[in-house]
J.: 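Can you read through this structure? Questions will come right after.
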Amino acid sequence: DDKLLTEPLSHPDFFSVKDLFTLKDLFNARVHLGHKKGCRHRFMEPYIFGCRLDQDIIDLDQTMQHLQLALNFTAHVAYRGGIILFVSRKRQFCHLIESTARACGEYAHTRYWQGGLLTNAHTQFGPGVRLPDLLVFLSTLNNVFEPHVAIRDAAKMNIPTVGVVDTNCNPCLITYPIPGNDDSPTAMELYCKLFRMTIIRAKDKRRQSEAIEELR
Amino acid sequence: AVGRVLRLCRRWGAAPRAQMLRLICTTTAVQKKNVGASGPEKYTEAFIKKQIEEFNLGKRHLANMMGEDPETFTQEDIDRAIAYLFPSGLFDKQARPMMKHPTEVFPEQRKIQWGEDGRPFHFLFYTGKQSYYSLMHETYEKFLNVLKHQDQLVAEDLPLQKEKRNLAGSRWLTKIELEEMLLEKLSDDDYSRFIQLLQKLVALPCADIEENYIQKFSKKVPVQLQKVVIEPLKYNEQGVAFSTGEGKRKTARATAIVYDNGTGKITVNGTDILHYFPVLQDREQLLFPFQFLGRIGKHDMVCTVSGGGRSAQAGAIRLASAKALRSFVTEKEMEFMRQAGLLTVDPRVKERKKPGQEGPRRKFTWKKR
């Protein structure tokens, strides 16, 4: 059992996350498109490649690195049987994200976030609740263009976060930010596909490893 | 779990035993008010099982007591036996002693929402309102299905189905019914959003595909309009057509039989109208239906009346004769009669006197000092 948990940590890319996407895929899915210059957040300046006709362009090399780190981390969490919660407050992609979560066997929350969900869970749900082990933000802002409450709450409850940060978002409290577009449907479908594939891969690997251990 | 219980015991040292027992069980905390989604973990599964065993045992004992066969002792027999053994004069049926199966007595509870490893069963568990949001998710999925189907039909140049759904005889589920269905408390906003989504789904032309799904949330409204049945004319021995009508006004009740081919003779309680109603106003009231239809000299009338006073009896006979005349008259003329107020029962009755006042409306004389 110990061997099962320590073996993936020795490899840098145990789940071969790098093979899931290329820079060309990101470009075709319009991940590099940011908002206008006026919407730019100060802390996003290191991730921006440049500005063309007032529209910010995100640096896809950095996005590649961040995305690989984030997917690797998600895979490890899924391998160890952690609860992953997909959060987004974009109404357009609510259905897509919920279907993705269902397909992975993980959880989603794309609706109104009740205040004490993470911080007051034992009162809201009951005494024996298990909180999520990873929060994946497919859009960091809520409907009023402010940072989602869940980022702050996860930081309070020591829950690691993975988040897609656009040029108008604050990447501060997110453990694994992924600078990229969160408004285009193609971009969101790409992210959903990538997360789904990583989680399924990780779970399959876990099952295989357990089966091999059983045989011994 | 044990550690948690001990911690709780230390914290709530003064709490009664029932409360400590309650905190051991792990079910979702759902607010009260709705029976189906009532408070957290009041009844555990083990408790309900024990109740069911006790109920079955008690049923057999009762059957033996009544001298009946325990195997074929139905719920109605139980009710009768209890009513016999514990007679109660209480008016409220629910206050009387009753013995029902525990599933009817204890409201449906939501069981524990997560498995042994702590992972919740439902993928929307962390939203708080999992049933409601999963319902919205499903409905939206049906909506997208219908849109896809529509696009396919448009691509193949086939006509979109145009059969109009009859929405007149159906209504959507009320908020309380939906709460019962979902076992979860809803807010008015949530409910209205769900109904709006359903209406959007129904408004699409190809919504017939998801007919089954939509019907889960609609109920038939029974037709309340009752068309007034006009009785056909009856014929007596001489072959003269007649019809009857009943009327009332205040405390007076009257029945009238109107004969055709008459001379305008009216008999009330065996006496002529001139002798029974000496006042002109009452006789005018009696003649009004005939005068309105222009049939003054053409009908005979025999009526019986009781109760009330002079004016009330006149009004009652007027209503009775108007109802009787409906059989002789066309639909258009009947509509005119209805609009003239001849066919409506006069609802005015004497208003009661209220305490602190001299009459129904008159207050006592106001004295300044």
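In the text below, chain A, chain B and the rest are named by the order of the sequence lines, each starting its count at 1. Given the structure is predicted, the values throughout are model-derived calculations rather than measurements.
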J.: I'd like to know whether the aromatic ring centres of B/Tyr126 and A/His109 sit less than 6.0 Å apart in this structure.
T.: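 No, ring centres 6.0 Å or more apart.
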J.: Please classify the contact between A/Leu85 and chain B as side chain, backbone, both or neither, with a heavy-atom cut-off of under 4.5 Å.
T.: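 The side chain, not the backbone.
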J.: Counting only non-hydrogen atoms closer than 4.5 Å, does A/Gln114 touch chain B with its backbone (N, CA, C, O), its side chain (CB onward), both, or neither?
T.: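 Just its side chain gets close to chain B.
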J.: Rounded to the nearest 0.5 Å, how far does CG of B/Asp190 lie from OH of A/Tyr112?
T.: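 The distance works out to 11.0 Å.
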J.: Which atoms form the tightest heavy-atom contact between B/Leu144 and A/His95, and what is the distance?
T.: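 That would be CD1-CD2, 3.7 Å.
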J.: Anything under 3.5 Å between a donor and an acceptor, one on a side chain of residues 21-31 of chain A, the other on a protein residue two or more places apart or in another chain? List them.
T.:
unit_1: A/Thr22; atom_1: OG1; unit_2: A/Asp25; atom_2: N; d: 3.3
unit_1: A/Thr22; atom_1: OG1; unit_2: A/Asp25; atom_2: OD2; d: 3.2
unit_1: A/Asp25; atom_1: OD2; unit_2: A/Thr22; atom_2: N; d: 3.2
unit_1: A/Asn28; atom_1: ND2; unit_2: A/Lys24; atom_2: O; d: 3.4

J.: Are the ring centres of B/Phe123 and A/Tyr107 closer than 6.0 Å?
T.: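 Aromatic pair excluded; centres sit 6.0 Å or further apart.
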J.: Would you say CZ of B/Arg193 has more than 12 non-hydrogen atoms from neighbouring residues, nucleotides or ligands within 6.0 angstrom?
T.: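 Check fails, neighbour count at 12 or below.
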J.: How far apart are the closest heavy atoms of A/Glu98 and B/Leu124, and which atoms are they?
T.: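 Taking every non-hydrogen atom into account, OE2-CD2, 3.5 Å.
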J.: Is any side-chain heavy atom of B/Pro120 closer than 4.5 Å to a side-chain heavy atom of A/Arg130?
T.: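 Contact flag for B/Pro120/A/Arg130 side chains = no.
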J.: Any donor-acceptor pair under 3.5 Å linking the side chain of A/Arg111 with the backbone of B/Gly128?
T.: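 No, the answer is negative, given that no donor and acceptor are paired below the 3.5 Å cut-off.
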J.: Is the count of non-hydrogen atoms from other residues, nucleotides or ligands lying under 6.0 Å from B/Tyr140 atom OH greater than 12?
T.: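 It does not: B/Tyr140 OH has 12 such atoms or fewer within range.
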J.: Under a 4.5 Å heavy-atom cutoff, which of A/Thr110, A/Leu118, A/Val129 has the most pairs with chain B?
T.: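 That would be A/Val129.
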J.: Above 12 or not: heavy atoms from other molecules or residues under 6.0 Å from CD of B/Glu156?
T.: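 For B/Glu156, atom CD is crowded (more than 12 foreign heavy atoms under 6.0 Å).
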J.: Taking the side chain as everything from C-beta on, heavy atoms only, tell me whether B/Arg119 gets closer than 4.5 Å to A/Glu106.
T.: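 The answer is yes; the side chains approach within 4.5 Å.
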J.: Would you say B/Phe121 has more than 12 foreign heavy atoms packed within less than 6.0 Å of its CZ?
T.: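 More than 12 heavy atoms, drawn from other residues, nucleotides or ligands, come within 6.0 Å of this atom.
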J.: Identify the heavy atoms of A/Leu117 and B/Thr127 that sit nearest to each other, and give their distance.
T.: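 For A/Leu117 and B/Thr127, the tightest heavy-atom pair comes out as CD1-O, 4.5 Å.
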J.: Quick one: of A/Ala101, A/Cys94, A/Ala121, A/Gly82, who has the most non-hydrogen atom pairs under 4.5 Å with chain B?
T.: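 The answer is A/Gly82.
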